[in-house]
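Single-structure report; data block below.
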Amino acid sequence: MSTSTTGSSPALGVARVLHDPLRVRLSGRGGQGIILAGTMLAEAAMEDGLYVVQTQTYGPEARLGASKSEVVISSREIAFPEVSVPDLVLCFSRDAYLKYGKQVTPDGFILLEETIRQEVPDARGHFLPFRRTARELGNDLSLNVIALGALVGLTQAVTRDSLRKALKARMKPEFLELNERALEIGFELGGAVPQNV
Amino acid sequence: MSTSTTGSSPALGVARVLHDPLRVRLSGRGGQGIILAGTMLAEAAMEDGLYVVQTQTYGPEARLGASKSEVVISSREIAFPEVSVPDLVLCFSRDAYLKYGKQVTPDGFILLEETIRQEVPDARGHFLPFRRTARELGNDLSLNVIALGALVGLTQAVTRDSLRKALKARMKPEFLELNERALEIGFELGGAVPQNV
Amino acid sequence: MRLVQGNEAVALAAVHAGCNFYSGYPITPATEIMEMMARQMPKTGGVFIQMEDEIGSIAAAIGAAWGGAKAMTATSGPGFSLMQENLGYACMTQTPVVVVDSQRGGPSTGLPTLPAQGEVMQARYGTHGDHEVIVLTASSVVEAYRMTVEAFNLSERYRLPVILLLDAVLSHMRENVEFPDVPVRERVMPTIDENFLPFGPDAPFVPFGSGHHTVVTGMSHDETGLPKALAGQAVQRILRGVQDRLAHDAREITFYHEMELADADIVLLTYGITARAAREAVGLLRADGVKAGLLDLQTLWPFPEWLILEKTQAAKAVLVPELNLGQYVIPVRAAIAGRCPVESLGRCDGELFTPEAMVEAAKALAHSLEIGGVAHD
Amino acid sequence: MRLVQGNEAVALAAVHAGCNFYSGYPITPATEIMEMMARQMPKTGGVFIQMEDEIGSIAAAIGAAWGGAKAMTATSGPGFSLMQENLGYACMTQTPVVVVDSQRGGPSTGLPTLPAQGEVMQARYGTHGDHEVIVLTASSVVEAYRMTVEAFNLSERYRLPVILLLDAVLSHMRENVEFPDVPVRERVMPTIDENFLPFGPDAPFVPFGSGHHTVVTGMSHDETGLPKALAGQAVQRILRGVQDRLAHDAREITFYHEMELADADIVLLTYGITARAAREAVGLLRADGVKAGLLDLQTLWPFPEWLILEKTQAAKAVLVPELNLGQYVIPVRAAIAGRCPVESLGRCDGELFTPEAMVEAAKALAHSLEIGGVAHD
Amino acid sequence: MTKPGIDLTPLLRQEMMPTVWCPGCGHGIIARGIATALMSLGLDMDQVAFVGGIGCSGRAPFYFDANSMHTTHGRALAFATGLKMVNPKLTVIVPMGDGDSMAIGGNHLIHAARRNIDITAVVFNNSIYGMTGGQGAPTSPLDSRSTTSPMGSIEPAFDTVELALAAGATYVARTTTFDFQEMPQLIAGAIRHHGFSVVEVLSQCPTYYGRLNKLGEAPDMLLYERDRTKLLEAFGPPPEITREEMVGQLPIGLFRDEERPEYVDQYHGLIARAGGGKSAS
Amino acid sequence: MTKPGIDLTPLLRQEMMPTVWCPGCGHGIIARGIATALMSLGLDMDQVAFVGGIGCSGRAPFYFDANSMHTTHGRALAFATGLKMVNPKLTVIVPMGDGDSMAIGGNHLIHAARRNIDITAVVFNNSIYGMTGGQGAPTSPLDSRSTTSPMGSIEPAFDTVELALAAGATYVARTTTFDFQEMPQLIAGAIRHHGFSVVEVLSQCPTYYGRLNKLGEAPDMLLYERDRTKLLEAFGPPPEITREEMVGQLPIGLFRDEERPEYVDQYHGLIARAGGGKSAS
Amino acid sequence: MKEPTLHFQQGDRQLSVQRDWCKGCNLCVENCPSHILSLDDGERIVVEDISRCIFCGICAVRCPDFVFTLERIASPALTMGGTA
Amino acid sequence: MKEPTLHFQQGDRQLSVQRDWCKGCNLCVENCPSHILSLDDGERIVVEDISRCIFCGICAVRCPDFVFTLERIASPALTMGGTA
Ligand SMILES: Cc1ncc(C[n+]2csc(CCOP(=O)(O)OP(=O)(O)O)c2C)c(N)n1
Ligand SMILES: Cc1ncc(C[n+]2csc(CCOP(=O)(O)OP(=O)(O)O)c2C)c(N)n1
Ligand code: SF4
Ligand code: SF4
Ligand code: SF4
Ligand code: SF4
Ligand code: SF4
Ligand code: SF4
Ligand SMILES: [Mg+2]
Ligand SMILES: [Mg+2]
């Protein structure tokens with residue numbers, strides 16, 4: 001019996017789509033919230049009415065090493081789920097940069113945690129103080145939310161409102177307020193990056 | 001790399017071979033020494049310079065039910081190892097008779113333990129008092145040797161000397177003498193059967 | 001519309017299909033199914049139990065089935081290997097049970113977090129002795145949902161273990177989905193009398209405690225369930241009976257997708273995650289003037305020979321991309337029996353084929369066969 | 001000249017081949033191998049150990065191999081299923097070890113004392129993930145002896161687990177034999193330096209305690225043995241490397257017999273115990289004017305495609321009798337790829353094919369294809 | 001209740017009789033003990049399930065006219081666990097061989113004990129592998145003969161009772177086929193007990209263990225059992241004797257009978273807490 | 001010997017450092033304890049073999065510059081048994097996870113103990129499955145949280161020590177990563193001991209066990225270990241306390257250290273009796 | 001071919017013997033306090049002299065094959081010898 | 001990219017620090033009796049004030065990552081600060 005390919009067909013959304021499909025890669029080391037960030041980004045895109053696939057590569061080895069989470073966002077059904085060359089890259093750690101953070105499409109963006117600059121002097125991309133900001137905010141763990149905010153603040157990959165909704169849906173109530181603040185700070189951080197596209 | 005089919009090629013022996021190949025089936029229930037009898041018959045045939053294959057069918061179920069041991073003796077290499085229709089049948093128990101003891105080639109022999117007659121009134125074959133003889137000899141376990149002797153006494157499937165040798169090789173010393181007597185009694189029992197071939 | 005992970009979809013589908021027993025042992029990349037069932041089962045009044053190993057997991061699932069449950073277990077390669085003996089027990093005893101194997105790189109511990117399709121043949125032949133199983137696969141989250149429900153339905157219908165093959169990518173992948181309403185085959189308790197033959201042809205599955213004192217054994221047995229004389233013939237009859245029923249219903253139990261097959265010169269034959277790149281590849285090939293088409297199987301076993309023959313009738317070549325060194329391509333080749341070349345495209349390094357890699361392979365194949373539409377560069 | 005049982009021949013051959021470690025768990029019809037090794041090992045200074053199950057048996061054998069022993073274990077279907085996970089470990093770690101599987105009727109407990117050939121595909125594909133193994137088989141007591149020695153030799157040469165498939169009839173059958181003097185591949189301890197790559201291409205097997213601190217892992221690893229980055233590619237390289245070596249040496253490692261193939265219209269393709277009836281059947285068919293021939297394989301895997309193609313070049317049909325419902329016939333059909341019909345003759349009821357049954361099937365095949373020499377009655 | 005005076009044949013599956021067991025095999029006496037216990041408890045056979053493994057002992061489920069399962073070697077307790085979890089009304093009895101329960105199946109035994117699931121395991125301990133023809137078992141005494149220890153076993157034997165106690169079984173007893181009064185009584189106690197019970201019954205295998213160890217025929221072996229065991233005084237706790245001392249005076253009796261939360265109950269408590277009221281049972 | 005003052009790095013496989021373990025994972029402290037023990041015994045690493053299973057703990061063999069084997073989940077002791085039998089000169093150390101040793105591998109553990117084979121098993125007990133991400137283990141305490149017991153575990157935990165004792169291990173100890181003095185000492189004693197040794201080391205898994213059970217970071221977890229254990233007085237026999245009493249005061253120390261015939265020796269005796277003098281070793 | 005069960009009664013006690021299931025193991029023979037049991041040529045149990053039977057049921061508890069059943073029955077009609 | 005090991009000496013005692021292997025778990029930080037250890041921005045260990053170190057080696061036995069080694073060395077040359 002022949003069955004249909006997917007069961008879903010969302011209406012085309014409103015987000016400004018740089019590329020269609022738009023391929024985003026988030027990377028860092030275990031514990032930095034990469035996968036949660038990917039999930040929230042995907043949910044925001046979904047909220048925007050787009051098709052989305054989120055995948056992840058991690059391993060027991062990757063608990064310390066590099067892991068990545070990829071999100072493909074499109075107005076059409078998405079066939080190939082992984083990302084060969086990303087349009088947007090977010091990167092939190094040295095190892096992740098070395099493994100996943102160097103490649104990007106010509107008009108894409110690479111956003112890097114500031115401290116990578118010290119460890120990899122020739123690293124290329126936009127450096128933003130995710131870690132420091134998180135610490136200042138009082139919670140190291142909001143690193144990923146700040147960075148996600150920055151990504152969206154810069155690129156409008158998804159709408160801010162959708163991302164706010166996604167954050168609300170995924171966060172435990174006790175951490176929500178803090179992270180809502182983190183997100184707004186992230187939007188600002190990202191919005192301030194000079195757009196050379 | 002192509003290898004030769006077997007590694008052995010015994011000289012054609014001296015035994016009087018009724019059929020070539022000669023197919024013998026021994027059957028009874030677990031503990032009646034069927035397999036040992038088959039092995040000794042096979043070793044005797046080997047001693048006679050013939051090819052031989054001995055197979056057995058028994059099962060956990062067969063510990064009480066019927067089991068069989070088959071010996072194929074031939075002057076040529078033996079291809080098919082099992083016996084479809086035997087030339088000689090030896091049978092020790094009712095169940096074995098019902099399952100394995102009824103079929104024989106037209107000029108073959110069926111030798112049955114005497115008591116089967118009581119349990120299966122319409123059983124057909126030559127009835128011999130294996131069990132009673134063994135008991136009289138003082139060892140129930142020599143049943144199989146007596147019967148084997150009878151088979152060879154009647155049919156000369158192998159030479160008596162070879163069978164004596166095989167017996168010697170397989171028996172524990174403490175039981176040898178008794179079984180040697182059992183074998184001779186068996187030869188006599190078999191020799192006395194009217195040969196209607 | 002929800003964003004759902006592949007493993008999550010399997011657990012949700014199982015609950016939808018009426019699964020009320022889950023036993024398992026953690027293993028990457030299948031663990032989330034178990035973790036989700038640990039939360040779902042108590043909520044729905046079903047049973048969740050973490051067993052001491054995978055052997056115990058499938059044993060408990062089979063025991064639960066005979067206790068009246070719709071039972072499932074999930075694992076990955078190493079655990080799937082350990083389950084083989086008892087999978088055979090489920091076959092021999094005609095027990096409905098669903099086994100999910102999320103494939104990772106192997107053999108042995110291999111590449112625990114990376115995808116593979118190394119168990120395509122093991123799923124069919126992994127246990128000793130002759131047997132039939134149904135093996136399904138999926139390439140998207142929504143399909144994982146659908147195929148899980150179908151796995152339960154088929155296991156109920158044929159009283160067979162049904163294996164669902166996923167892989168590390170699909171298990172961990174999230175997509176936004178709207179779950180289709182897949183109909184569920186409910187188990188109906190038949191009225192039985194003392195002449196009931198629990199292993200008769202087409203006999204319904206009647207669990208313990210029903211009043212009929214069934215004997216269930218992995219030994220050869222006849223229709224009563226008892227291991228009797230001539231058991232060899234009895235088991236052959238049962239095994240052939242299953243084979244015949246599945247062959248008879250082949251069209252109903254073979255799930256597949258097709259794409260542009262009508263005039264295809266080159267047929268890509270895929271299953272599981274690989275289908276996604278293939279869909280894109282077919283588009284790219286067509287755009288390049290190569291008449292490519294796709295036959296994407298969700299039902300891997302019983303082997304859909306009839307379908308493959310039907311769909312490749314006019315093909316000039318078949319390309320079988322697999323995340324292994326060439327497994328399913330063998331029966332495909334046997335089926336096609338020389339009517340056209342059947343080419344294997346394999347890898348086992350934990351990576352997916354990109355659409356581009358498939359395009360390249362298809363073009364090379366077309367080129368070598370001088371199939372029209374390919375620029376000879 | 002001695003009267004020797006099949007299982008006994010395996011044990012004697014193992015001792016001849018230098019086996020000095022046996023671990024096992026009893027199971028019909030393989031138990032006599034174990035019982036004989038229990039007597040032989042202490043006498044020859046080797047180790048015999050009865051493990052707590054078959055998983056432990058093969059684990060101990062692999063451990064012993066890394067301790068420097070030539071190791072063997074033997075089992076039957078249910079135990080063979082349990083060994084699958086660790087068989088994969090032996091593949092992944094390139095460990096020489098010999099595994100004997102005496103096939104009985106299955107699946108599950110099945111027909112414990114009756115013969116079958118139900119594990120032909122399991123032997124190849126039973127463990128998860130891609131891998132290569134060598135699988136041998138035998139049809140007579142003397143061949144069981146020879147193939148056991150060859151199993152050790154091949155496992156030494158390729159650092160692979162080698163599986164020897166017997167069946168309940170051969171295991172328990174006695175024949176009068178003169179054992180051939182099969183040469184033994186001795187293990188030589190190479191001189192190694194600090195640059196030694198224990199898993200490099202063609203690297204010799206260097207057990208523990210040699211001074212090189214080898215790391216052995218079932219995870220993907222590179223030539224040093226360490227599980228490093230890009231392990232996926234590393235494992236693919238190792239697996240492909242093994243495949244290539246075996247393909248290269250195909251003619252040396254493929255053991256077979258042939259009979260009257262030169263002008264055969266109908267080729268019977270057999271392996272194991274089935275070959276015996278086939279030999280007689282070929283004679284009977286020839287006597288009846290049917291040009292039949294026999295290709296009897298002792299090496300089942302790696303699949304000897306080259307040989308099958310070579311030997312069936314002129315055939316008008318191939319008949320594959322197996323004590324299963326049609327397993328090996330599938331790769332045979334894939335190999336022959338339509339050049340002539342390939343027919344399966346299968347049964348799984350615990351009985352052997354008689355020569356007459358094969359004659360009948362061959363004649364029916366000849367008849368259906370209107371191959372000359374068959375009376376059309 | 002263990003006195004003669006009852007007709008057990010209604011509990012038997014007539015079409016499977018006589019059993020497959022050898023003449024004089026102790027397994028039949030244990031089967032009788034189980035039947036006696038069931039009869040005395042007056043259980044409805046519709047609600048009794050036997051789950052056996054593979055081995056001579058594993059065949060026991062065939063001979064009871066109940067819900068019967070003959071599973072795979074060593075795994076019976078895992079099957080039984082699934083069965084009991086979804087159908088707690090069933091009285092689940094698991095006849096196991098010593099190899100079945102303590103060689104290949106040792107892990108399932110200790111885990112069932114740990115969970116304290118309400119299942120009764122009856123270990124038919126004949127100190128050998130009967131079904132496969134007399135190989136050594138983890139229960140074979142040091143120096144005893146088997147076809148895999150032809151020169152005498154060099155492996156110390158497991159003590160079923162000690163292991164079951166350490167793993168957490170809440171009812172643990174040992175008895176012999178000689179003790180025709182206590183044996184059914186202990187089994188009945190185990191079935192009644194709410195929790196995981198292990199009753200080890202020392203059983204004679206005249207065909208292999210008896211023959212290989214020159215212990216004579218079945219009647220001699222019954223006396224052998226009598227002589228190598230010693231009743232715990234007043235069913236007390238396990239005595240403080242060394243393994244060596246135990247040889248020749250293996251303690252028999254009831255070693256533990258204690259109430260602890262039972263696993264199925266615990267799970268149903270979890271369902272209640274999770275709000276999944278419509279329990280499977 | 002357990003005082004600070006030694007350079008352990010020569011025992012480590014430098015190219016595999018740093019380890020894969022999470023920040024603060026107790027497994028590294030146990031690895032250090034093993035290294036300290038080896039150093040104090042002055043063993044030649046050429047003759048030391050590590051055989052690990054699968055789990056975070058199973059990775060330990062990678063970090064020692066010795067003969068190292070990383071096997072399959074739960075089976076390490078079976079591999080080690082074969083290895084030791086053919087090469088008795090090797091000192092065989094088996095680092096095992098609690099799931100590895102007592103869930104899937106429980107049977108091999110009790111059988112190795114029964115045989116009393118000269119192998120040292122070090123159980124890295126973090127009360128959880130670390131490698132797969134925080135599922136319950138048979139050692140997870142009642143009511144503790146894991147991803148497969150989100151409402152608290154309803155299964156009583158195994159007591160490694162009790163089980164090892166019952167199965168016949170001849171050297172049995174428990175200690176914690178907090179106890180940096182005793183831990184290497186007990187491991188060294190186990191390695192020196194001729195027979196099967198089990199040293200259970202309570203280890204912290206801050207990533208899963210700590211997080212799911214709100215026990216804080218690694219430093220907090222060390223204190224938690226301190227507070228839930230109690231040293232056996234003067235390394236005596238196991239105390240007579242109930243399972244319930246043990247919670248909060250799990251006894252630690254050396255529970256058994258006794259000589260009994262060792263399995264490899266026994267086997268070599270058998271070879272001698274069989275006349276197979278040219279032993280494999 | 002199944003042999004009918006033999007029934008012997010004394011007072012309210014009835015001893016039934018299902019000879020078909022007997023395997024000739026001698027356990028009852030050696031344990032019967034009255035020494036009235038033996039095996040026939042077919043190695044099946046025979047009650048030699050039921051008049052000396054004390055209806056104790058030891059044969060029943062010793063037999064591994066459910067051959068003997070000792071029951072209390074309602075109507076205490078004394079019938080020596082097989083009734084069926 | 002491997003950072004060289006730091007060596008600190010006092011009398012015959014030497015404390016070596018392999019910072020590369022540090023994972024920032026704080027075990028040493030919280031257990032150092034002199035409170036002289038902390039983590040830097042990259043979450044790697046720093047010895048803040050070696051002059052207050054009592055060379056007890058507690059950091060070594062607490063660290064799961066073999067970062068610290070406390071050794072007795074033959075030549076008791078006092079060298080404060082990194083030597084390599
Ligand atoms: C996986 C597996 N391994 C081995 C066997 C073979 N086997 C059948 S029964 C048995 C052991 C029987 O011994 P025990 O459990 O003590 O029962 P007994 O026959 O003595 O009552 C074995 C090893 C099997 N059926 N399955
Ligand atoms: C046969 C098999 N089943 C399951 C797994 C998955 N697995 C890997 S490690 C592990 C458990 C780890 O827990 P534990 O043994 O306690 O070690 P830890 O990681 O806590 O040190 C499991 C279930 C596997 N690798 N193989
Ligand atoms: S082999 Fe032993 S255990 Fe099995 S039935 Fe016979 S006497 Fe009983
Ligand atoms: S998951 Fe737990 S056990 Fe594993 S490395 Fe991390 S802290 Fe250690
Ligand atoms: S009832 Fe007692 S006296 Fe009568 S036959 Fe039986 S054992 Fe003997
Ligand atoms: S005890 Fe039972 S089986 Fe044995 S001889 Fe007596 S009646 Fe027959
Ligand atoms: S040696 Fe002692 S004082 Fe010095 S840093 Fe280490 S713990 Fe602190
Ligand atoms: S204990 Fe070790 S790993 Fe942890 S912070 Fe200190 S130096 Fe770093
Ligand atoms: Mg037994
Ligand atoms: Mg753990």
Side-chain angles (χ1 to χ4, degrees), chain C residues 5 7-8 11 22-60 73-84 86 102 104-113 168 171-172, chain F residues 20 52-59 61-62 69-76 78-79 97-110 126-140 144-158 163 205 208-209 212:
Chain C
Q5 198 188 39
N7 280 343
E8 200 183 344
Y22 183 94
S23 49
Y25 191 78
I27 189 165
T28 308
T31 303
E32 292 83 2
I33 299 175
M34 178 173 189
E35 292 174 335
M36 183 103 189
M37 292 305 269
R39 292 192 296 272
Q40 291 297 318
M41 284 294 99
K43 279 193 215 156
T44 56
V47 171
F48 168 86
I49 184 169
Q50 178 168 338
M51 292 298 289
E52 47 273 20
D53 61 14
E54 290 87 349
I55 300 176
S57 299
I58 185 167
T73 182
T75 187
S76 182
F80 194 52
S81 287
L82 288 173
M83 288 185 183
Q84 291 303 329
N86 283 338
S102 180
R104 61 194 223 179
S108 197
T109 304
L111 299 159
T113 56
S171 274
H172 286 154
Chain F
V20 72
I54 299 292
C56 297
S57 40
R59 298 293 178 92
F62 288 138
M69 207 164 183
H70 176 237
T71 67
T72 49
H73 187 40
R75 316 301 173 188
F79 283 88
D98 47 330
D100 201 42
S101 61
M102 269 174 299
I104 193 167
N107 209 26
H108 306 296
L109 181 77
I110 60 179
N126 54 10
S127 307
I128 205 154
Y129 290 1
M131 177 63 84
T132 42
Q135 298 76 32
T139 47
S140 301
S144 66
R145 258 59 178 172
S146 77
T147 63
T148 51
S149 53
M151 299 173 65
S153 170
I154 59 168
E155 306 200 354
F158 266 147
L163 206 60
C205 169
Y208 296 110
Y209 193 78
L212 291 166

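Reckoned from all heavy atoms, side chains included, excluding hydrogens, waters and symmetry mates. Here is how names work: the chains are called A, B, and so on, in the same order as the sequence lines, proteins then strands, and each is numbered from 1.
Note that the NE2 atom of F/His73 and the CG atom of C/Leu82 stand 9.5 Å from one another [nearest 0.5 Å]. Rounding to the nearest 0.5 angstrom, the gap separating the OG1 atom in C/Thr31 from the CE atom in F/Met131 is 11.5 Å.
F/Thr132 approaches C/Pro26 most closely through the heavy-atom pair OG1-CB, 3.9 Å. Of all heavy-atom pairs between F/Ala103 and C/Tyr25, the closest is CB-OH, 3.6 Å. Of all non-hydrogen atoms in C/Glu35 and F/Gly133, the two that sit nearest each other are OE2-O, 4.1 Å.
Contacts with chain F were tallied for C/Asp53, C/Ile55, C/Ile27; C/Asp53 has the most, counting heavy-atom pairs under 4.5 Å.
Contact of F/Pro138 with chain C is not made at all, since no heavy-atom distance falls under 4.5 Å. Contact of C/Thr28 with chain F is made through backbone and side chain together, with heavy-atom distances under 4.5 Å. Neither the backbone nor the side chain of F/Ser146 has a heavy atom closer than 4.5 Å to any heavy atom of chain C.
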Inset, instruction - Check the pair F/Thr147 / C/Met34 against side chain to side chain contact (heavy atoms under 4.5 Å, CB included), numbers first and verdict last. - result: CA-CA 9 Å; F/Thr147 63; C/Met34 178 173 189; over 6 Å; no

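Side-chain atoms of C/Gln50 never come within 3.5 Å of backbone atoms of F/Thr148 as a donor-acceptor pair (strictly under, hydrogens ignored).
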